[in-house]
Amino acid sequence: MKHFSKGLFVSAVIGTLTLAAPQLYAATPKDQLVIGTSLAQVLSLDPHQATEGKAVEIMSNLYDRLVNSTPDGKIVPQLAESWKVDDKGITLTLRQANFASGNPVTSKDVVYSIGRLLKLDQAAAANLKRVGYDKNNVDKLVTAVDDKTVRIDFSGQVTAEMLLYRLAASTTSVVDSVEVQKHVADNDWGNAWMRTHSAGSGPFTLNRWSPNELVILDANKDYVTGAPKMKRVIVRHVPESQVERLMLERGDIDIASALTASDLATFNDKKGFTIQRIPTGGFYVLSMNAGNQYLSNPKVREAIAYGIDYKGIEKTIMGPYGRARNVPVPENFEYAIANPDWHLDVEKSKQLLAEAGYKDGFSLTLKTIAQTPRIDLATAIQASLAQVGIKIDIQQGNGSEIIAAHRARDFDLLIPQTSAYMPNVLGSMEQFSSNPDNSKEANNAGNFVWRSAWDIPELTALTAKASMEPDAKKRGELYVQMQKMFVEQKPAVLPMFERFEPIVLSSKVEGYIGHPTQLTRLESVTKSETQ
């Protein structure tokens, strides 16, 4: 079954919004690709630190990984031209390639990069830490056999397939160790410099990043497979949807990726434009802090699950961005279970609150990044929960504020988003079902469940068992058990909507294929003369 696929967006959302015309920009040059989006979550461009979606999309063009995952979920070579799997690990052979600096890509750079990721020990390291790799064992498990051969031994908590998918993530990008070490200050592994510079072997280099303004990428003319077709890529911060729509219509940008459902609807069947609706395998989530006196109670969490009008929000707000789903596995994935019977039921929600001892309700804050569609989603949740007696105060913030609050457990409710690193139940669900150490002292901010202080030892153990089960049928049975247990425990990380990334492209743009995990590569993108 193909789990990830491209698709055209068909909207039922109707509406026209107006706004005064924005400042004028020149029409985009034929050798430059200009993208309009929100850069609110771009806090760093260090691949061993940044995990947010738009940062990943930028970094995936600055850096290569050992392997890559295609939009339809296959693992293919990138810096590793081949690999062999045995019962103890994977041996990878590197192709002949250079970094943008001119330095050759060697196995020492690979070893340095994976070691740097785990020794920086930030949120980006979570994907490898979750399966047994850490700063204490990485030097033993990841080694250079010779200049062009890398050996990665299994940790005892990972299969070859799972490891390869993790190596395809942007967080395992290979950096130029010679260049990075020139910029180390105060034992920071060069992080201060890497946040705003690039040291990769990818098809582009970082020319400039102005936070919440723009990012400029220049073509790497010496890229191993040939220079990119576009001389330059410019990513503009255009958080206002109406402004972004007008810019696309006038030709000031080539791609729009932060439009509201109503502005997206204006491009349905519109000559000169195409629409991609990219399934991410992830979700828009209502994270509840189980350390909160109210939210620690499973009955309260279930009351909230029954207090949200998922279908109404899907129809009026989410549209192309999401479809209602309360299990953290897309409904078309193999072994996905049916949705639980969570729907807007005001009386049942009030009854559950009363059983929990809160018949008169209570007040909570809900934090969200000021970004489409999360602001409207927060407002809808506020209105919906008000009906059951839960008063919500919405606190909007920029990416750095909200992400920092999430990682510090400094919230009552918060709306994050996820994606799947692997196109199956485990790839989508693992981040919802694994929290090995819930203690505050663990400070495991890279763990999605830890951020909500939700202690799930049984579900964590079941997830670990599923990840190591070699028999496909037995593994599928464990996948079903994981989902059922998740629902039974009234999750503090509540999936609300399966997440899609809708984008509108000028018909001049050719060769752009959106990637489910935002690893969209741009070296083959071209622009035609006519629209």
Side-chain angles (χ1 to χ4, degrees), residues 1-9 41 51-57 60 65 67-76 124 126-127 130-131 159 161-172 257 276-287 314 318 320-339 373-374 415-434 447-449 463 466-467 475-476 478-480 482-483 486-487 491 493-503 513-521:
M1 177 183 293
K2 180 183 284 188
H3 303 301
F4 288 154
S5 62
K6 302 191 304 274
L8 294 181
F9 147 59
Q41 292 189 73
T51 59
E52 291 69 40
K54 293 303 174 184
V56 169
E57 193 165 342
S60 69
R65 282 91 57 205
V67 295
N68 188 27
S69 64
T70 63
D72 61 356
K74 296 182 178 67
I75 292 293
V76 295
N127 211 22
R130 195 176 286 120
V131 291
T159 62
E161 179 189 38
M162 287 174 58
L163 180 55
L164 286 168
Y165 274 105
R166 282 169 163 79
L167 293 175
S170 68
T171 53
T172 51
S257 64
Q276 291 184 19
R277 189 185 189 219
I278 306 159
T280 68
F283 293 82
Y284 288 100
V285 182
L286 183 63
S287 288
E314 177 185 320
M318 300 306 293
Y321 279 94
R323 63 184 175 197
R325 175 78 170 153
N326 300 125
V327 181
V329 177
E331 62 183 31
N332 67 313
F333 275 25
E334 189 177 16
Y335 299 111
I337 68 171
N339 214 51
R374 284 188 261 192
I415 303 176
Q417 65 185 38
T418 68
S419 59
Y421 77 90
M422 185 167 58
N424 59 27
V425 169
L426 196 65
S428 179
M429 186 176 180
E430 184 183 65
Q431 59 200 307
F432 289 85
S433 61
S434 179
N447 184 288
F448 190 66
V449 178
T463 301
S467 69
R475 189 166 59 244
L478 292 171
Y479 287 166
V480 171
M482 286 167 58
Q483 295 168 80
F486 175 85
V487 172
V493 282
L494 175 66
M496 297 181 291
F497 302 94
E498 184 182 344
R499 187 171 71 86
F500 296 83
E501 285 282 342
I503 61 172
I513 302 175
H515 195 286
T517 57
Q518 294 189 279
L519 296 172
T520 306
R521 296 276 285 205

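Fair warning: this is a prediction, and the values are worked out from it, not measured in the lab. For the single chain, residues carry numbers from 1 onward in sequence order.
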Scan side-chain atoms only and decide if S433 and T463 contain a donor-acceptor pair under the 3.5 Å cut-off. yes
Main chain of G282, side chain of S419: is a donor-acceptor contact present, judged purely on distance under 3.5 Å? no
Are any non-hydrogen side-chain atoms of P279 and P516 less than 4.5 angstrom apart? no
Partners passing side-chain hydrogen bond (donor to acceptor under 3.5 Å, both in side chains) against S257 (at least two apart in sequence or in another chain): T37, K54
Could you tell me which non-hydrogen atom of A336 sits nearest to which non-hydrogen atom of P330, and how far apart they are? CB-O, 3.4 Å
Between atom CZ of F500 and atom OG1 of T280, what is the distance when rounded to the nearest 0.5 Å? 7.5 Å
Between S60 (side chain only) and R521 (backbone N and O only), is there a donor and an acceptor less than 3.5 Å apart? no
Taking C-beta and beyond as the side chain, do M482 and V329 meet within less than 4.5 Å on heavy atoms? no
For the atom pair CG (N68) and CG (L519), what is the distance rounded to the nearest 0.5 Å? 6.5 Å
Would you mind checking if E314 and R323 are paired as a salt bridge, meaning a charged N to carboxylate O distance below 4.0 Å? no
Ignoring hydrogens and geometry, is there a side-chain-to-backbone donor-acceptor pair from E57 to G53 under 3.5 Å? no
In the structure I gave you, are the side-chain heavy atoms of F333 and Y479 within less than 4.5 Å of one another anywhere? no
Please check if the side chain of N326 supplies one atom and the backbone of P495 the other of a donor-acceptor pair under 3.5 Å. yes
Using modelled atom types only, decide if a donor and an acceptor are shared between the side chain of R374 and the backbone of I415 within a distance under 3.5 Å. yes
Heavy-atom pair of closest approach, residues L478 and A466: CD1-CA, 3.7 Å
side-chain contact (heavy atoms from CB on, under 4.5 Å) between Y165 and I75, worked out: CA-CA 7 Å; Y165 274 105; I75 292 293; 3.6 Å; yes
Y284 side, atom OH; R499 side, atom CZ - distance, nearest 0.5 Å: 5.5 Å
Any side-chain to backbone donor/acceptor pair from N447 onto S434? Under 3.5 Å, distance only. yes
Verify side-chain contact (heavy atoms from CB on, under 4.5 Å) between H515 and S69, making sure each step is shown before the conclusion. CA-CA 9 Å; H515 195 286; S69 64; 3.3 Å; yes
Run the numbers on T418 and V285 for side-chain contact (heavy atoms from CB on, under 4.5 Å), then give the verdict. CA-CA 8 Å; T418 68; V285 182; 4.1 Å; yes
Quick one: side chain to side chain contact (heavy atoms under 4.5 Å, CB included) partners of T159, sequence neighbours excluded? E161, M162, M468
For P423 and G73, which heavy atoms make the closest approach, and how far apart are they? CG-O, 3.8 Å
Taking the side chain as everything from C-beta on, heavy atoms only, tell me whether L494 gets closer than 4.5 Å to F283. no
Check: T51 side chain, A124 main-chain N or O, donor-acceptor pair, under 3.5 Å: no
Test side-chain contact (heavy atoms from CB on, under 4.5 Å) on L163 and V131; report intermediate values, then the result. CA-CA 9 Å; L163 180 55; V131 291; 5.8 Å; no
Would you say T172's side chain and R166's backbone share a donor-acceptor pair under 3.5 angstrom? yes
Between the CG atom in L167 and the OH atom in Y421, the distance rounded to the nearest 0.5 Å is 11.5 Å
Can you tell if the side chain of F432 reaches within under 4.5 Å of the side chain of P491, non-hydrogen atoms only? no
So, for F486 and P328, which heavy atoms are closest and what is the spacing to 0.1 Å? CE2-CD, 3.4 Å
So does G514 get a backbone contact from the side chain of Q276, meaning a donor-acceptor N/O pair under 3.5 Å? yes
Taking all non-hydrogen atoms of both residues, which atom of V487 and which atom of V327 are closest, and how far apart? CG2-CG2, 4.1 Å
Can you list the residues that meet the side-chain hydrogen bond (donor to acceptor under 3.5 Å, both in side chains) rule with Q431, with sequence neighbours excluded? none
Quick check: does any side chain N or O of R277 sit under 3.5 Å from a backbone N or O of P320, one acting as donor and the other as acceptor? yes
